[in-house]
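None of these values were measured; they are calculated from a predicted model.
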Amino acid sequence: MQKGYVAIISVIVLTAILTIITITLTASSINSLQSSRTMAVSYKTLSAVEGCTEDVLLYLRANNSLPANIITPTTTCTITLNSHTGNIWDFKVAGSYQDYTKNLHVIAERNTTVNILDWQEGP
């Protein structure tokens, strides 16, 4: 009779251990997939905003002014002028993609060409 109880308790303990291992592995896999997706979307968002920023710099070179926004196939970027002193333009480009937002802060000098003095991702 006691051998039957030992066998049943052993099966229950092994089942509990296997269940815990399965749940842990599943949770870890889900977390890894979510992290990979977040990273991929974050890079795609940054790439889109960098593309917008390049378009803004081309616009600045051609028009000696900044557009209010740039529309691309993946995002619409908003341009905010921080300051404009002489030939120095300080502006921010912000864009979103799938609920992720990226900002680039750019300082550029416009003469006959446009020279980038500073280009940083940030607020």
What pairs with [X] under side-chain hydrogen bond (donor to acceptor under 3.5 Å, both in side chains), at least two apart in sequence or on another chain?
X: N69; value: none
X: T78; value: none
X: T76; value: none
X: Y100; value: T38

| request: Please list all pairs passing the ring pair (Phe, Tyr, Trp, His ring centres under 6.0 Å) test where one or both residues lie in residues 65-88, with sequence neighbours left out. | output: H84-W89

| query | With ILVMFWY side chains joined below 4.5 Å, transitively, what does I30's cluster contain besides itself? | reply |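 Same cluster as I30: nobody, lone residue.
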
| said: Using side-chain contact (heavy atoms from CB on, under 4.5 Å), reason through C77 and T75 one step at a time and then give a plain yes or no. | reply: CA-CA 6 Å; C77 296; T75 190; 3.8 Å; yes

| said: Checking the side chain of S28 only, and the main-chain atoms of T24 only, is there a donor and an acceptor separated by less than 3.5 Å? | reply: no

Cluster question for you: counting only ILVMFWY and a side-chain heavy-atom cut-off of under 4.5 Å, with indirect links fine, are [X] and [Y] together?
X: I107; Y: I79; answer: no
X: I70; Y: V106; answer: yes
X: Y43; Y: Y97; answer: no

Let me check something: any side-chain donor-acceptor pairs from residues 116-123 under 3.5 Å, sequence neighbours excluded? List them with distances.
from, atom 1, to, atom 2, distance (Å)
D118, OD1, Q120, NE2, 3.3
D118, OD2, Q120, NE2, 3.3
E121, OE2, K102, NZ, 3.0

| Between atom CD1 of I88 and atom CG of N115, what is the distance when rounded to the nearest 0.5 Å? | 9.0 Å

| message | Which heavy atom of N103 sits nearest to which heavy atom of A94, and what is that distance? | response |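 Scanning both residues completely, I find the closest heavy atoms to be OD1-CB, 2.9 Å.
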
| Atom of T101, atom of S96 and distance for their closest heavy-atom approach | OG1-OG, 2.8 Å

Side-chain polar contacts of residues 11-23 - donor-acceptor pairs under 3.5 angstrom, sequence neighbours left out - could you list them?
from, atom 1, to, atom 2, distance (Å)
T15, OG1, V11, O, 2.7
T19, OG1, T15, O, 2.7
T22, OG1, L18, O, 2.8

Which atom pairs, donor and acceptor, lie under 3.5 Å between side-chain atoms of residues 47-67 and protein residues at least two apart or in another chain?
from, atom 1, to, atom 2, distance (Å)
T53, OG1, V49, O, 2.9
N63, ND2, Y59, O, 3.2

| field | Residue pairs passing the disulfide bond (SG atoms under 2.5 Å apart) test where at least one lies in residues 83-123, sequence neighbours excluded | value | none

| task | Sequence neighbours left out, what passes side-chain contact (heavy atoms from CB on, under 4.5 Å) with N82? Give chain and number order. | result |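 For N82, the residues satisfying side-chain contact (heavy atoms from CB on, under 4.5 Å) (neighbours in sequence not counted) are T80, D90, K92, H105.
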
| note | Taken in chain and number order and not counting sequence neighbours, the residues that satisfy side-chain contact (heavy atoms from CB on, under 4.5 Å) with D99 are none

